Amino acid sequence: MTVHGTTPPPPARRRVAVAGVALSDCGRVDEATPYALHAQAARRALADSGLDRSLIDGLASAGLGTLAPVEVAEYLGLRPTWTDSTAVGGATWEVMAAHAADAIAAGHANAVLLVYGSTARADIKARRRTSNLSFGARGPLQFEVPHGHTLVAKYAMAARRHMHEYGTTLEQLAEVAVRARAHAALNPEAMFRTPVTVDEVLSGPMIADPFTKLHCCIRSDGGCAVLLVAEEYVPDTRKAPVWVLGTGEHVSHTTMSEWEDFTVSPAAVSGRLAFERAGLTPADVDVAEIYDAFTYMTLVTLEDLGFCAKGEGGAYFAEKDAVPVNTDGGGLSACHPGMRGLFLLVEAVRQLRGEAPGLQVRRPDGGLPEVALASGTGGWFCSSGTVLLGRA
């Protein structure tokens, strides 16, 4: 609006910080409901922040209830004036974090709680549900599901194409699982901690060629929460802030025939946007938390985020100077209760604070990491969200 020939300046955008993070009980949790895990994680994240729950005016949640996040808000005793229920698979939480950061920066919310919980493993063990091979057979999926085109098969096809195009080897893929388990072995919160070898990965039962069992993520129970706040509340927080530096999101495809290149993930776009908005490059990243439902995802995402050239993910991952990846053990060994994206943000924040329960990354000078990346992938490389976090 122009008044007397002058245009008022746009409202200042506030900086956004992560004030609190926490996990609920994870791994094998037989006596809790998903709602209880939501509440446990939320309480712990709030305690971690040192802030009062009355400050929370935003809630982001997906994957639970008929009207998520309305049911979760009611269970937690919250009445938010800003909410998000975006559901794009495993990338949901990075995308929600981007939306929440924008809302806080614009003044539409002051403190947004991102919260998730699932008893996927316990429900199957108790026969409250069965394993699912696909997300359904309606809409575009009707042309694939009847032919046995399962979720794991789609990832396997993509991996095989990458192997064909660039010479990526089974041993390189297996090394991703070996490294994840080595990190999990140091993490007392990880579900599987016994080290494995490349030979053990390769000799395991075949799930979908080329993936044997250890190429695939585990199934666990668990939940977590992240609290984002506006900069003016940072002085009241219990710990030093971790700032949101830049975010990006992208939706690629759902039907495999509409995926232009099986060797390129949507992280190629979300990552580029996040780096551009943060004014950073992959060389600035000290630690990366990457969605790893399958070993191939780690390698191709590293390529698409720009840590190495296309087709060089396998060789790069084995380098001693490669960016540390999935320091908690990842979805392959630590925890994967259904949608793992929020766990990536929790581990990234812990690394920047120097609070990692297992492997703690250090810079060459011995200092704590300055910049961390969390990149979530949804569906079968259908969507991606990338978040860059920093201590300064």
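We're numbering straight along the sequence, starting at 1. Heavy-atom basis, side chains included; hydrogens, waters and symmetry copies ignored. As the structure is a computational prediction, the values presented were derived from the model and not from experiment.
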Peer 1: Check this for me: E31, atom CD, are more than 12 non-hydrogen atoms of other residues, nucleotides or ligands nearer than 6.0 Å?
Peer 2: no
Peer 1: Would you kindly check if the NZ (Lys) or CZ (Arg) of R15 is within the cone defined by 45 degrees around the ring axis of W243 and under 6.0 Å from the six-membered ring centre?
Peer 2: yes
Peer 1: Do the side chain of S49 and the main chain of L51 share a donor and acceptor less than 3.5 angstrom apart?
Peer 2: yes
Peer 1: Under a single-linkage rule joining Ile, Leu, Val, Met, Phe, Trp and Tyr whose side-chain heavy atoms are separated by less than 4.5 Å, which residues share a cluster with L186?
Peer 2: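 Via sub-4.5 Å side-chain contacts, L186 links to L359.
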Peer 1: Would you say that more than 12 heavy atoms from the other residues, nucleotides or ligands in this model lie under 6.0 Å from the CZ of R138, or not?
Peer 2: no
Peer 1: Among all residues two or more places apart in sequence or in another chain, which pass the side-chain contact (heavy atoms from CB on, under 4.5 Å) test with V70?
Peer 2: L67
Peer 1: Do other residues, nucleotides or ligands put more than 12 heavy atoms under 6.0 Å from E260 CD?
Peer 2: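 No, not enclosed.
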Peer 1: Looking at P369, is its backbone amide N or carbonyl O close enough to the side chain of R391 to form a donor-acceptor pair, meaning the two atoms are under 3.5 Å apart?
Peer 2: yes
Peer 1: Got a donor-acceptor contact below 3.5 angstrom from the E189 side chain to the P357 backbone?
Peer 2: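 The answer is no, because no donor-acceptor pair under 3.5 Å joins these two groups.
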Peer 1: Between Y155 and F381, is the ring centre distance below 6.0 Å?
Peer 2: yes
Peer 1: Which hydrophobic side chains are connected to V346, either touching it within the sub-4.5 Å cutoff or through other members that do?
Peer 2: V16, V18, V21, L23, W82, W93, M96, I104, V112, L114, Y116, V226, L228, V242, V244, M339, L342, F343, L345, V349, L352, V387, L389
Peer 1: Taking ring pair (Phe, Tyr, Trp, His ring centres under 6.0 Å) as the definition, give me every residue that meets it alongside F317, ordered by chain and number, with sequence neighbours left out.
Peer 2: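 In terms of ring pair (Phe, Tyr, Trp, His ring centres under 6.0 Å), with neighbours along the sequence ignored, F317 is linked to no residue.
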Peer 1: Which ring-ring contact (aromatic ring centres under 6.0 Å, His included) pairs, counting each pair once, include a residue from residues 12-58, with sequence neighbours left out?
Peer 2: Y35-Y75
Peer 1: Answer yes or no: is there a side-chain heavy-atom contact under 4.5 Å between V178 and L214?
Peer 2: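 V178 does not reach L214 side chain to side chain.
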Peer 1: Could you list the cluster mates of F192? Members are the ILVMFWY residues connected by side-chain heavy atoms closer than 4.5 Å, either directly or through other members.
Peer 2: M191, I218
